[in-house]
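Written below as structure tokens is the structure these notes are about.
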There are 2 protein chains.
Amino acid sequence: MALEHAILVSLLEQPGSGYELAHRFDRSIGRFWTATHQQIYRVLGRMGADGWITAEQVDQRGRPDKRRWSVTDPGRAVLTDWLREEVQPEAVRHELAVKVRGAAFTDRAGQVALLVEVARYRADHEAVLARYLAGERRDFPGTVPADDRAALQHVVLRGGIAYERMVLAWLDDVLATLRGLDH
Amino acid sequence: MALEHAILVSLLEQPGSGYELAHRFDRSIGRFWTATHQQIYRVLGRMGADGWITAEQVDQRGRPDKRRWSVTDPGRAVLTDWLREEVQPEAVRHELAVKVRGAAFTDRAGQVALLVEVARYRADHEAVLARYLAGERRDFPGTVPADDRAALQHVVLRGGIAYERMVLAWLDDVLATLRGLDH
DNA sequence: TTGCACATGTAAAATGTTACATGATTAT
DNA sequence: ATAATCATGTAACATTTTACATGTGCAA
């Protein structure tokens, strides 16, 4: 998979400029796919050249003009084809796990420093969970989803919430383990 | 962070060849950091040139010679310095979440195809969980860890187990949501 | 004799990161 | 005036992925 597909989904949900996409990749979509604005502009250019998306110029008073991108029929076909492909195994990059195993090869002071850092990292994840929960209350207040799109967005958000809760519980386990090391 | 640090941790736990490392990155370390043998050989070369690791030639009867890499004192210092750095936020790449949100933009047949694929993906994760649990019974049978290294390896494994259990529960949620779409 | 495990690499293409670059409006 | 937000890009560099490349020994 590539960034292209995440952009197609985002533009189908809501057409927008590269700048707006970059912000979505910082917020909602960033939950499950990250990208910087530099990447996004480059890929938007390529997708436009390939005819997957098309831009309309939007003149704005008081602000720079922007290009509002929308998905074309060929772009939509690219997405539906991709949806039928196998889901690839996730490429895991869990830096903290590497550090925790690495903690066996540092001194006591280093282990304490890691413990402090894990506590800070835990606070970050607590904030993310709070943000997800607030978003859930705001966007999905009822028990019955409004439509398919809402139902699917909600289940993805529930995945994010479940992930953060799991991480917080594991970080508590890590903190207890670091505190319990021989010294 | 980079692959270098994961390799340093792995070689400190047990010196070995590039080939052996590639296998560890398919198994135990692959739980939290993935790498192919091509990446590993290239990075080993650079780390050797930088003096972080050193190789001894191991002549083997009946098999190709191999180079057993171990971490040098400078390499160990690189690791301890890195352990003191901030843990970077994870770069998330959750392809399935993109597909689930994308399912709002395909037809019923496409949604059913995704459902089938999610079920297959779920079976993969069930197998991973079973492997982790078997590894836990094998490597950590007692209640009290043998030493620091074992305690830290065990808490990382518990993280993998917690992750897989969370994913399985979420995939059930996804399956129920896909089945419940309007049609 | 076919395939698998062991063992190590190179090359090209795609992707991703970091730094640089510009310029307007709005709020403090 | 100063910073933040909106808006779009280029350039250089690093990393990752995919394909190619080679060769031995052992077991079925």
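Quick note on labels: first sequence line is chain A, next is B, and so on, each numbered from 1. Keep in mind that the numbers below use all heavy atoms, side chains included, and drop hydrogens, waters and symmetry copies.
With rounding to whole Å, A:Arg42 atom CZ is found 8 Å from C:dG16 atom P. Rounded to whole Å, the distance from CD on A:Gln38 to C1' on D:dT10 is 10 Å. The nearest whole Å value for the distance from the CZ atom in A:Arg68 to the P atom in D:dA7 is 10 Å. Straight-line distance from the CD atom of B:Gln88 to the P atom of C:dT17: 11 Å, rounded to whole Å. In this structure, the CG atom of B:Leu21 is 14 Å from the C1' atom of C:dC6, given to the nearest Å. Put simply, CG on A:Leu3 is 16 Å from C1' on D:dT15, counting in whole angstrom units. Between the P atom of C:dT22 and the OH atom of A:Tyr41 lies a distance of 17 Å, rounded to the nearest Å. In this structure, A:Gln39 places its CD atom 17 Å from P of D:dT8, rounding to the nearest Å.
Taking the six-membered ring for Trp and thresholds of 30 and 60 degrees, B:Phe140 and B:His154 have nearly parallel ring planes, at less than 30 degrees apart. Taking the six-membered ring where the residue is Trp, A:Tyr19 and A:His23 present tilted rings, their angle falling between 30° and 60°.
Comparing D:dC6, C:dT15, D:dT8 by their nearest atom to the side chain of A:Lys66 picks out D:dT8.
Remark: B:Arg46 is in phosphate contact with D:dT15, judged by side-chain N or O atoms under 4.0 Å from OP1 or OP2. Considering only side-chain N and O atoms, B:Tyr19 lies nowhere under 4.0 angstrom from the phosphate OP1 or OP2 of C:dT8. At least one side-chain nitrogen or oxygen of A:Ser17 sits closer than 4.0 Å to the OP1 or OP2 atom of D:dT8.
As judged by a 4.0 angstrom heavy-atom cut-off over every strand, B:Arg67 is placed among residues touching the sugar-phosphate backbone only.
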| Stepwise, does the ring-ring contact (aromatic ring centres under 6.0 Å, His included) test hold for B:His125 with B:Trp170? | CA-CA 11 Å; B:His125 277 276; B:Trp170 180 64; 9.7 Å; no
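Positionally, the nearest nucleotide of DNA chain D for A:His37 lies more toward the 5' end than for the other of A:Arg93 and A:His37. Nearest-nucleotide positions on DNA chain C place B:His23 closer to the 5' end than the other of A:Ala35 and B:His23.
The CD1 atom of B:Ile7 sits 10.5 Å away from the CZ atom of B:Arg24 when rounded to the nearest 0.5 Å.
Side-chain contact check for A:His5 and B:Glu95: no donor-acceptor pair (N or O, by modelled atom type) lies under 3.5 Å.
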